[in-house]
**Student:** 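Got a structure here, written out as structure tokens. Questions coming.
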Amino acid sequence: MAGPGGDMQWCFSQVKGAIDDDVAEADIISTVEFNHTGELLATGDKGGRVVIFQQEIENKSQPQFRSEYNVYSTFQSHEPEFDYLKSLEIEEKINKIRWLPQKNAAQFLLSTNDKTIKLWKISERDKRPEGYNLKEEDGRYKDPNTIMSLRVPVLIPMDLMVEASPRRVFANAHTYHINSISVNSDNETYLSADDLRINLWHLEITDRSFNIVDIKPANMEELTEVITAAEFHPHQCNTFVYSSSKGTIRLCDMRASALCDKHSKLFEEPEDPSNRSFFSEIISSISDVKFSHNGRYMMTRDYLSVKIWDLNMENRPVETYQVHEYLRSKLCSLYENDCIFDKFECCWNGNDSVVMTGSYNNFFRMFDRGQRRDVTLEASRENSKPMQVLKPRKVCAGGKRKKDEISVDSLDFNKKILHTAWHPQDNIIAVATTNNLYIFQDKVN
Amino acid sequence: MSAIAAMEVNAEARRILAVSISKLYASRTQRGGLRLHRSLLLSLVMRSARDIYHSSRESECQSSEERMDTSSDPEEGQQQPGMPEPQTTLISSEPAQEEPDSADEECEITEDKENLSPTRQSRKRRGKASAAPDFLPIKRARLEPGEERYAAPPSCCRSGAGDSLIALSLNRVIPAF
């Protein structure tokens with residue numbers, strides 16, 4: 001593994017997606033996820049499609065290897081639906097994809113839209129049977145009276161075919177919009193969370209689920225907060241966390257009771273009164289929560305910052321990183337153009353030393369926890385020559401703008417990076433702009 | 001708070017309120033239906049804006065009552081289209097201490113403009129085409145049998161016809177789910 005963030009030199013590797021500026025809405029990438037080995041990279045889009053890329057490595061034995069991700073499988077996961085009872089359209093947009101750890105030759109992933117979760121099996125077929133004498137060429141069975149001998153078909157190689165088939169459909173369990181799914185470390189169960197409830201499923205059972213969290217008030221007029229994200233602990237199968245729109249995170253232990261409305265731990269940082277504004281509530285809403293790989297920390301993303309929490313300390317985060325503090329004075333305009341509602345995700349690197357999240361103008365930020373260093377990089381077609389090293393970017397908050405700096409007012413707020421993913425072992429990252437997927441690699445990989 | 005600062009905050013709060021209400025109504029026609037999280041955040045912003053508006057309103061009124069009196073006359077009876085204007089009309093009706101009757105009338109006129117048939121108590125969702133200006137709620141409070149609709153008392157208007165509008169919006173948002 002390469003050294004910490006400061007020594008990393010990120011290079012452009014690949015970009016996937018259409019080049020035109022005119023973005024088709026269906027092509028907007030809505031989720032990105034590496035599988036547990038990093039060999040596969042899945043993306044979901046607003047059109048309900050899942051595209052899986054597979055890593056092909058040249059010279060893996062060499063210390064500096066180049067890897068390339070190529071399309072492995074594409075399938076339509078979800079279709080638009082209509083809820084006739086409520087006269088509501090259900091969007092086919094893929095909200096989340098989560099891979100299951102591999103157990104056999106096939107790969108499995110869960111994909112979800114607002115209402116339905118599906119388990120997909122992705123399997124390879126590279127052989128086909130040939131030599132039937134019971135069937136005609138077109139597959140119809142011959143008249144048995146014409147067959148005089150029995151011939152066993154032989155399996156012969158064929159071009160690799162990757163098939164995706166839906167193995168389970170977990171439907172009708174959520175009244176509100178699903179925002180998260182998380183596979184348990186027991187590899188048997190998973191949770192799905194909507195605005196007010198979290199359900200626990202067994203991967204084999206589709207006709208029922210257990211409700212483990214319910215924060216719906218008796219009188220909806222008293223609603224003050226909603227669930228924004230949820231995740232299982234990476235090692236403890238009884239523990240999960242969920243974040244709220246009020247900026248709190250609750251850790252729950254399923255051993256304590258069947259309904260985990262009462263949290264085991266509540267993580268909350270008191271608000272800084274000097275930062276109070278009309279929009280304080282919106283910007284404190286947590287958009288993503290992720291456990292570290294070692295299970296000792298968790299990271300939360302709110303509108304302006306990334307916070308790292310030690311699971312043993314509830315009253316404040318151990319680290320806070322400002323993603324784009326220069327936006328604090330622009331909150332009113334960001335409210336008017338809806339950007340303040342953007343839900344940024346965040347991710348850890350393989351050894352939990354660096355965290356990454358997206359920003360505007362196709363910028364993304366990395367924070368090296370050990371070296372207390374951070375860097376801003378840009379995903380753009382201009383910097384997309386093979387192995388071109390990414391130059392750190394800088395935003396000028398005010399006053400005199402230096403050369404190569406960008407002023408806050410010239411940032412493009414339509415170019416946002418909401419979804420990023422880090423390879424579980426190597427320094428390879430996948431960064432999604434609106435409709436393109438960029439793959440960057442550390443030079444000394 | 002100085003009068004000017006209060007006015008600025010006031011204007012800011014009004015603007016945010018107008019923007020919020022239009023967002024709320026726009027979200028009704030969004031694909032995928034109303035988003036609870038977004039609606040909740042919108043209602044929280046509206047509540048903050050309303051509270052700040054009222055507290056700055058109080059301090060502003062105290063320091064500039066005379067000024068508001070003279071400017072309110074030409075605005076009475078004026079109903080201009082556009083987002084901030086009806087708010088302004090309502091607000092100018094607020095120094096109700098001086099003119100309670102016209103204030104009542106103001107509220108009543110404004111309300112009647114929004115509701116084409118005051119006796120209509122249908123709770124049926126209206127189509128987009130027939131919707132009232134999208135920054136104002138189109139439903140009135142449901143009456144119990146035997147109740148009569150009556151003009152809002154001056155005190156009610158003073159504390160904010162704006163307040164009752166916001167309250168209507170806030171109360172309608174979340175239970176809509």
Side-chain angles (χ1 to χ4, degrees), chain A residues 25 46 80-83 86-93 95 113-115 174-179 194-197 215-217 219-229 243-246 276-287 303 331-333 335-338 340-343, chain B residues 8-56 83-84 124-128 135 141 166-177:
Chain A
E25 203 174 315
K46 227 177 167 195
E81 283 172 56
F82 199 79
D83 180 342
K86 296 182 188 172
S87 290
L88 280 180
E89 220 189 324
I90 300 170
E91 276 192 284
E92 66 278 27
K93 172 168 80 91
N95 292 337
N113 69 348
D114 284 337
K115 298 286 180 182
H174 286 281
T175 310
Y176 304 96
H177 297 102
I178 297 174
N179 52 53
D194 67 29
D195 294 312
L196 296 178
R197 299 192 178 101
I215 63 167
K216 184 177 178 182
N219 181 1
M220 278 296 268
E221 288 186 23
E222 290 163 21
L223 182 74
T224 53
E225 68 182 324
V226 297
I227 297 169
T228 52
S243 60
S244 83
S245 54
K246 270 191 171 168
R276 187 111 188 90
S277 76
F278 285 116
F279 310 106
S280 299
E281 277 120 346
I282 302 189
I283 63 169
S284 63
S285 176
I286 292 174
S287 52
Y303 190 64
L331 293 179
C332 198
S333 339
Y335 179 69
E336 286 175 42
N337 66 14
D338 266 2
I340 208 174
F341 297 103
D342 286 335
K343 297 195 173 130
Chain B
E8 278 174 5
V9 171
N10 195 334
E12 179 75 354
R14 269 203 338 253
R15 196 166 66 84
I16 290 174
L17 272 169
V19 168
S20 306
I21 294 176
S22 74
K23 282 191 193 297
L24 212 48
Y25 277 81
S27 64
R28 283 165 127 197
T29 54
Q30 241 174 20
R31 246 190 115 211
L34 274 170
R35 303 252 153 204
L36 185 61
H37 185 195
R38 184 185 163 93
S39 305
L40 178 68
L41 294 177
L42 284 173
S43 66
L44 290 172
V45 170
M46 280 161 61
R47 213 162 275 171
S48 302
R50 179 196 65 183
D51 295 342
I52 291 174
Y53 166 71
H54 283 305
S55 58
S56 73
M83 271 197 285
K124 189 177 169 187
R125 219 168 271 163
R126 296 187 196 187
K128 255 169 83 170
F135 50 88
I166 305 310
L168 273 172
S169 296
L170 294 175
N171 290 340
R172 287 279 182 271
V173 170
I174 305 301
F177 288 90

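Order of the sequence lines sets the chain letters (A, B, ...), proteins ahead of strands, with each chain counted from 1.
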**Student:** Using heavy-atom distances under 4.5 Å, tell me whether A:Phe278 contacts chain B through its side chain, its backbone, both, or neither.
**Tutor:** both
**Student:** Where the side chain of A:Asn179 meets the backbone of A:Ile227, is there a donor-acceptor pair that is under 3.5 Å apart?
**Tutor:** yes
**Student:** Less than 4.5 Å to any heavy atom of chain B: does that hold for the side chain of A:Thr224, its backbone, both, or neither?
**Tutor:** backbone
**Student:** Of A:Asp194, A:Asn95, A:Ile178, which is the lone residue that meets side-chain contact (heavy atoms from CB on, under 4.5 Å) with A:Asp114?
**Tutor:** A:Asn95
**Student:** Measure across A:Ser277 and A:Leu331 and return the closest heavy-atom pair with its distance rounded to 0.1 Å.
**Tutor:** OG-CD1, 4.2 Å
**Student:** For the pair B:Arg31 and A:Glu92, find out whether any cationic side-chain nitrogen is under 4.0 Å from an anionic carboxylate oxygen.
**Tutor:** yes
**Student:** Heavy-atom cut-off 4.5 Å, strictly under: side chain, backbone, both or neither for A:Thr175 against chain B?
**Tutor:** neither
**Student:** Side chain, backbone, both or neither: which part of A:Lys343 has an atom under 4.5 Å from a heavy atom of chain B?
**Tutor:** side chain
